[in-house]
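Down below is the structure, laid out as structure tokens.
Numbers restart at 1 for each chain; the letters A, B, ... are given by sequence-line order, proteins then strands.
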Amino acid sequence: MKLEELKLGPRDEKQLAELISRFGFKSWPKEAARDTAPPPAASPLPVRADPEERRYETLFEEADLARWVKDLEAAELVAFDTETTSLDPMQARLVGMSFSVLAGRAAYLPLAHNYAGAPGQLGVERALALLKPWLENEARRKLGQNIKYDQHVLANHGVALRGVAHDTLLESYVLESHARHDMDSLATRHLGLKTLTYDEVTGTGVGRIPFEQVDVARAAAYAAEDADLTLRIHHALLPKLEAAEKLLYVYGSIELPAREVLFRMERDGVLIDAAQLEAMSHELGQKMLELENKAHKEAGQPFNLGSPKQIAEIFFEKKGMPVIKKTPSGAPSTDEDVLERLALDHPLAKMLLDYREISKLKSTYTDKLPKMVNPRTGRVHTNYGQATAVTGRLASNDPNLQNIPVRTPEGRRIREAFVASRGNAIVSADYSQVELRIMAHISEDENLLRAFAAGEDIHRATAAEVFGRSLRDVTSEERRYAKVINFGLIYGMSAFGLAQQLGLERATAQAYIASYFTRYPAVAKYMEETRKTARERGYVETVFGRRLWLPEIKSSNPARRGGAERAAINAPMQGTAADLIKLAMIAVRGWLDRERLSTKLIMQVHDELVLEAPDAELDRVRAEIPELMSGVAKLKVPLVVDVGSGQNWEKAH
DNA sequence: TAAGTCACG
DNA sequence: ACGTACGTGACTTAT
């Protein structure tokens, strides 16, 4: 599959038909499904009449595997799963593999089970030698449940998995992003079957054993079932996607190709200057000790500065500071907002604020990141969760590279440790004000569209409208207020929330909101329409048709219902932005491949792409990436992209 | 394991 | 009268 062929609009039927034939989709509905549509017809692919009838084999001999390889080569689509030594995709080694070509029929290939009395097995090397031609053949279509993981495992053994046609994780995510997507949940929801779970096979907690110590017969029952059920779940889910044109687009033209891009980003990793971070850790540790001593002295007693409970005792009981707000459980809050207010009168609160900032940086970043460097590659490899965020965004974990500090000077020193390798530069390209632009596009508010078309500073423009000034008369404080209002709009704010954020009377905040909606009436209409749509259909959509379900939109609990309404307002904007940057990643990766460039995509931070470019490619990359990112969709507003480069991530901003 | 807090967009 | 800005992941403390 060539990535560049997947840049199509959701309603380009001819190209969509082409796409469908490439993915081998079986049918194409005349109309997109409505939410009231009946459940889709049964899968056209073969499913055994009796779902309980299963024929699972365990492959011990080379002849057994050779017979299966023949079937794999001949099959239209093969469900495939790996069993491994670790959940860390970059560390995991193969213990076994399973395959299914037909619902109810599957094989487990034990390779490296290692316990007293374990049966003889083929071994990883011999098995991969036999399987490699199939695994690496783009034309042999494979299916998995979170197959990005299996692709890493195979890559750890020098095998380049090709021909990934489907992933049940992504199918489920596109259909119901809010639901669980683990195998057990999918089997229960879509097949009405109870599965053997990983925990049941390996145990939990201290009793957990590594998969290589799991009895082969038991492992076979588990692993073969996984492959079997993956295929059956696919047969259940793909028709549902095919019945809704836009969902099929999101799945086939956004999520599946993005999956491959994410694999490469994770694999390539990012270079950090571990020594620099370690030196910083030492420095921060010294500062923490100093602040701790100062705070203990000020408090008149030692206490654990990391314990909100102990802080509350000192602050609110011993010192009699006012309780400004409470946590959800009713305890007095000591969060940043509270400490900032208390700091006006109490030096101890300021000390704690300083301590919190430093300890956060140390414990989460400067201590941890150096330990996350992969010894083989010398780089840090995050894992991007592609089915985690309900809105369509990615999530980054182990380590999270999407929350690296940037807002404070001390924090930005951590960004300086994200560096380019010798002869390369870091390039950062981010969408400017993308969610507000999407709000303008969806609401079609003339005033907002005009401001973006004119290239105005959007917060300044908002301030001019809300406060009745000319653009040049807007004060910096008015602009700051307008910026808060703009963020609030994206989050579905209330007058109460705005007042709290700006430290105003609620009535004043309400007046600002009223003024905003007078000047941008189509935005007000959009907000109301979105609430209505959410109530009527139970979901909202992004510009590309990604669906976000809101199970609590009709809740009788006003707090829950209100939360669902705010999520409904936010989701089209956050989700469309997520769609756009995924399309951009696909476009960028396609361009780099076509042009045979060595530049790597190394990070995605929601509205920003970070690349590592050889010096010889830097000029081309700096020129082309913004064009590619801007060009992924033609909205009613320009998509502006800012680009920068430098020796480290901080300098590239 | 839950709660509280805080890093990011 | 009530609760009150969207979406994440990770760390520490306390149970």
Side-chain angles (χ1 to χ4, degrees), chain A residues 177-178 205 303-312 325-339 352-353 355-369 372 382-385 388-408 410-412 414-415 430-436 439 484-502 506 509 513 527 530 540 548 550 557-575 577-578 581 603-608 649:
Chain A
S177 70
H178 64 290
F303 66 104
N304 185 343
L305 276 73
S307 166
K309 197 179 162 197
Q310 293 181 34
I311 292 164
K325 70 175 169 186
K326 295 199 169 175
T327 68
S329 69
S333 171
T334 71
D335 73 11
E336 192 176 344
D337 275 0
V338 169
L339 293 182
L352 190 56
L353 276 169
Y355 179 88
R356 286 241 178 105
E357 181 188 349
I358 292 168
S359 69
K360 179 80 175 183
L361 296 181
K362 182 171 188 292
S363 67
T364 307
Y365 304 103
T366 63
D367 285 351
K368 294 288 157 36
L369 286 170
M372 303 292 287
T382 187
N383 177 56
Y384 287 105
T388 302
V390 293
T391 54
R393 273 192 180 180
L394 299 176
S396 161
N397 59 64
D398 298 306
N400 184 352
L401 297 185
Q402 291 181 320
N403 72 346
I404 302 302
V406 70
R407 290 172 189 172
T408 65
E410 280 291 283
R412 284 193 290 275
I414 292 167
R415 268 185 191 227
D430 65 285
Y431 284 113
S432 164
Q433 304 295 350
V434 66
E435 292 186 5
L436 283 174
M439 186 170 86
V484 173
I485 292 170
N486 279 332
F487 274 108
L489 287 161
I490 291 168
Y491 299 152
M493 70 175 171
S494 62
F496 177 93
L498 183 63
Q500 180 152 310
Q501 196 69 32
L502 289 175
R506 186 175 166 153
I513 293 171
M527 302 287 169
T530 302
V540 292
L548 176 73
L550 301 151
N557 177 334
R560 287 172 178 269
R561 193 173 61 244
E565 284 178 2
R566 294 191 295 274
I569 285 169
N570 175 261
M573 293 179 269
Q574 188 179 126
I581 198 161
M603 287 185 279
Q604 188 257 42
V605 193
H606 310 307
D607 62 359
E608 174 187 15
W649 194 8

Produce a footprint string for nucleotides 10-15 of chain C: one letter per nucleotide, 5' end first; B if the base is under 4.0 Å from any protein heavy atom, S if only the sugar-phosphate is, - if neither. BSSSSS
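In this structure A:Lys360 satisfies the salt bridge (Lys or Arg N to Asp or Glu O under 4.0 Å) test with no other residue, sequence neighbours excluded. Checked against side chain to side chain contact (heavy atoms under 4.5 Å, CB included), A:Thr408 has the following partners two or more places apart in sequence or in another chain: A:Glu357, A:Glu410. Residues that satisfy the salt bridge (Lys or Arg N to Asp or Glu O under 4.0 Å) test with A:Arg560, not counting sequence neighbours, are A:Glu552. The side chain to side chain contact (heavy atoms under 4.5 Å, CB included) check on A:Pro405 picks up A:Leu361, A:Tyr365, A:Ile414, with sequence neighbours excluded. Every residue meeting the side chain to side chain contact (heavy atoms under 4.5 Å, CB included) condition with A:Gln501, not counting sequence neighbours, appears here in chain and number order: A:Val484. Scanning for salt bridge (Lys or Arg N to Asp or Glu O under 4.0 Å) contacts around A:Asp335 gives A:Lys325, with sequence neighbours left out. Applying the ring-ring contact (aromatic ring centres under 6.0 Å, His included) rule to A:Phe487 yields no partners; only residues at least two apart in sequence or on another chain are considered. For A:Arg356, there are no salt bridge (Lys or Arg N to Asp or Glu O under 4.0 Å) partners two or more places apart in sequence or in a different chain.
Phosphate contact (OP1/OP2 of C:dT8, side-chain N/O of A:Arg393, threshold under 4.0 Å): absent.
If you check every strand for non-hydrogen atoms under 4.0 Å, A:Val484 touches a base. When heavy atoms are screened at a 4.0 angstrom cut-off, A:Glu608 is found touching no nucleic acid atom at all.
For DNA chain B, the outermost nucleotides in 5' to 3' order that have an atom under 4.0 Å from a heavy atom of chain A are B:dA3 to B:dG9.
Distance check: A:Leu394 CG to A:Ile581 CD1 gives 8.5 Å after rounding to the nearest 0.5 Å.
Listed in residue order, the members of residues 487-502 of chain A having a heavy atom less than 4.0 Å from DNA chain B are A:Tyr491.
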Pairing string of DNA chain C (Watson-Crick or G-U wobble, both atom distances under 3.5 Å; | = paired to other strand) is .....|||||||||.
